[in-house]
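Working notes, beginning with the structure itself.
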Amino acid sequence: MEHLKIVASARQLPEHQVTNQELSHIMDTNDDWIFSRTGIHQRHIVTTENTSDLATSVAKQLLDKSGIKADSLDFIIVSTMSPDSLSPSTAAMVQGAIGANHAFAFDLSAACSGFVYGLSVATSLLSTRYRRGLVIGSEVLSKLVDWQDRTTAVLFGDGAAGVLVETTTENIGLLGEQLRTYGNKGDNLVAGQFANKNPFAGEISPVDPYFHQNGREVYNFATREVPEVLQAALEAAEVAADDVDYYLLHQANARIVTSIAKRFGQPTDKFPTNMAQNGNTSAASIGLLLDELVESGKVHAGQTIAFVGFGGGLTVGAQIWKI
Ligand code: ACO
């Protein structure tokens with residue numbers, strides 16, 4: 001077992017909130033359809049900020065909360081599918097903005113599994129000579145959304161959240177995990193394609209920068225594969241489902257969360273949700289949920305917590321932590 005501590009959590013949501021009702025004025029939809037299919041009532045949408053701004057705010061809060069100086073960080077990982085740019089990475093922008101002069105920084109692309117994949121990479125780094133780092137999920141998905149397309153525009157929101165992790169002598173940390181990728185199913189959720197327009201290219205096939213997903217297929221995938229991956233993580237951790245205090249799942253759809261709780265015979269209050277307020281924020285969603293629960297006192301040291309991400313790639317990741 002890796003001896004790792006989640007020292008602090010933090011979150012940043014854009015101030016501007018957009019309700020389902022407001023969306024019904026700009027596209028053919030309604031609160032009833034959106035809420036009954038997804039559990040979403042509203043989402044936060046940026047007006048001026050970009051992904052690095054949200055992530056930088058989270059990083060500053062993490063340092064403030066833990067009383068740690070930026071130059072004692074060894075690394076910064078930002079999981080995102082909506083970076084400001086491909087270069088510099090969002091993580092490098094955060095590193096520069098907070099003056100983390102001794103930290104290396106890089107982005108990680110695993111869509112809605114980004115937070116769990118990021119924690120996995122951080123765990124590996126902390127088992128070597130590194131001592132302390134940030135893992136932040138940050139998304140401005142509103143820039144990837146086609147606002148004419150009601151099948152995706154109603155689902156997503158913007159936001160960022162993360163944790164500061166460090167090595168510890170306490171007997172806590174990551175107990176077990178299972179990460180899986182299903183690249184053969186990747187076409188079911190695409191966003192951010194670029195066209196190759198070089199002068200030597202053959203016929204340029206049209207690409208679309210916006211989100212497209214086969215919602216039904218992804219729904220079926222999630223309800224089928226996530227329980228299997230979570231079960232494998234529980235077995236790796238040697239933890240019984242009953243002994244997990246909270247399951248923090250990626251917040252894509254309330255019906256997916258309820259279905260997974262049922263599969264494990266667990267009460268739904270062990271599977272908290274916040275997609276009603278935030279929508280689907282991809283790599284940010286699990287961190288947002290974690291920080292809200294820490295703030296309310298529901299999640300605290302001594303508990304066993306499961307983090308479960310799933311989404312684009314397609315990807316799935318489940319981890320069991322003693323925090
Ligand atoms: N408002 C009103 N009607 C709508 C809307 C809308 N916003 N969107 C679609 N509809 C209509 C459709 O046109 C369709 O009408 P039709 O039957 O006349 O053709 C009808 O509603 C049903 O559409 P479906 O797409 O079949 O609806 P479904 O019940 O599958 O729900 C949803 C769609 C919510 C997207 C669901 O499939 C889902 O949640 N899938 C999983 C998404 C997910 O988990 N993604 C992974 C993470 S995302 C990431 O990695 C970034």
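Model, not experiment: these values are computed from the prediction. Atoms within each ligand, like the ligands themselves, are counted from 1 in listed order.
For ligand 1, none of its N or O atoms has an N or O atom of Phe156 under 3.5 Å away. Annotation: Gly215 places an N or O atom under 3.5 Å from an N or O atom of ligand 1; distance criterion only. For Ser282, no nitrogen or oxygen atom sits less than 3.5 Å from a nitrogen or oxygen atom of ligand 1, counting backbone and side chain alike. Below 3.5 Å of separation, one finds no N or O of Asn30 facing any N or O of ligand 1. Taking distance alone, with nitrogen or oxygen atoms compared against 3.5 Å, Asn280 stays at or beyond that limit from ligand 1. For ligand 1, the polar-atom distance check against Thr38 finds no nitrogen or oxygen pair separated by under 3.5 Å. Between His250 and ligand 1, a contact under 3.5 Å exists for no N or O pair.
Residue contacts with ligand 1: Met81 is included, with a non-hydrogen atom under 4.0 Å away.
By the criterion of a heavy-atom distance under 4.0 Å, the side chain of Trp33, and not its backbone, is placed next to ligand 1. Here Thr151 has heavy atoms under 4.0 Å from ligand 1 in both its backbone and its side chain. Neither the backbone nor the side chain of Leu141 comes within contact range of ligand 1; no heavy atom lies under 4.0 Å.
Annotation: atom 1 (N) of ligand 1 to nearest protein heavy atom, Thr29 OG1, 2.6 Å. The single protein non-hydrogen atom nearest to atom 46 (C) of ligand 1 is Val218 CG1, 3.4 Å, given as residue, atom name and distance. Taking atom 26 (O) of ligand 1 as the reference point, the nearest protein heavy-atom neighbour is Arg216 NH2, 2.9 Å. From the protein, the heavy atom lying nearest to atom 29 (O) of ligand 1 is Arg37 NH1, 2.7 Å. Nearest protein neighbour of atom 38 (C) of ligand 1, counting heavy atoms only, is Asn253 ND2, 3.6 Å.
How far OG1 of Thr51 is from CD of Glu139: 7.0 Å, rounded to the nearest 0.5 Å. Atom CD1 of Ile45 and atom NZ of Lys143 lie 12.5 Å apart (nearest 0.5 Å). Once rounded to the nearest 0.5 Å, the distance linking CZ of Phe307 with OG of Ser120 reads 13.0 Å. Taking CD1 of Ile323 as the start and CD1 of Ile305 as the end, the distance is 4.5 Å to the nearest 0.5 Å.
Counting only distance, with no hydrogens or angles, the side chain of Gln266 and the backbone of Phe264 share a donor-acceptor pair below 3.5 Å. A donor-acceptor pair is defined here as one N or O able to donate and one able to accept, closer than 3.5 Å; no such pair exists between the side chain of Thr152 and the backbone of His212. Side-chain atoms of Asn20 come within 3.5 Å of backbone atoms of Ile40 as a donor-acceptor pair (strictly under, hydrogens ignored). Judged by distance alone, with hydrogens and angles left aside, the side-chain atoms of Thr38 form a donor-acceptor pair with the main-chain N or O of Ile34 at under 3.5 Å. Between the side chain of Asp242 and the backbone N or O of Val244, no donor-acceptor pair lies under 3.5 Å. A donor-acceptor pair under 3.5 Å links the side-chain atoms of Thr56 to the main chain of Ser52, judged by distance alone. Remark: side-chain polar atoms of Gln193 are not paired, donor with acceptor, to backbone N or O of Ala191 under 3.5 angstrom.
Residue Leu189 has at least one heavy-atom neighbour below 4.0 Å for each of these atoms of ligand 1: 46 (C), 48 (S), 49 (C), 50 (O).
Counting protein heavy atoms under 4.0 angstrom from atom 32 (C) of ligand 1 gives zero. For atom 19 (O) of ligand 1, the nearest protein heavy atom lies 4.0 Å or farther away. Proximity of atom 16 (P) of ligand 1 to the protein is not indicated, since no non-hydrogen protein atom lies closer than 4.0 angstrom. Within 4.0 Å of atom 9 (C) of ligand 1, at least one protein heavy atom is present.
By heavy-atom distance, the residue among Ser113, Ala111, Cys112 lying nearest atom 51 (C) of ligand 1 is Cys112. Among Arg255, Gln213, Glu139, the residue whose heavy atom sits closest to atom 45 (N) of ligand 1 is Gln213.
Note on Arg11 versus Glu295: salt bridge recorded, some NZ/NE/NH1/NH2 to OD/OE distance being below 4.0 Å. A salt bridge is defined here as a Lys NZ or Arg NE, NH1 or NH2 lying under 4.0 Å from an Asp or Glu carboxylate O, and Glu228 with Arg180 meets this definition.
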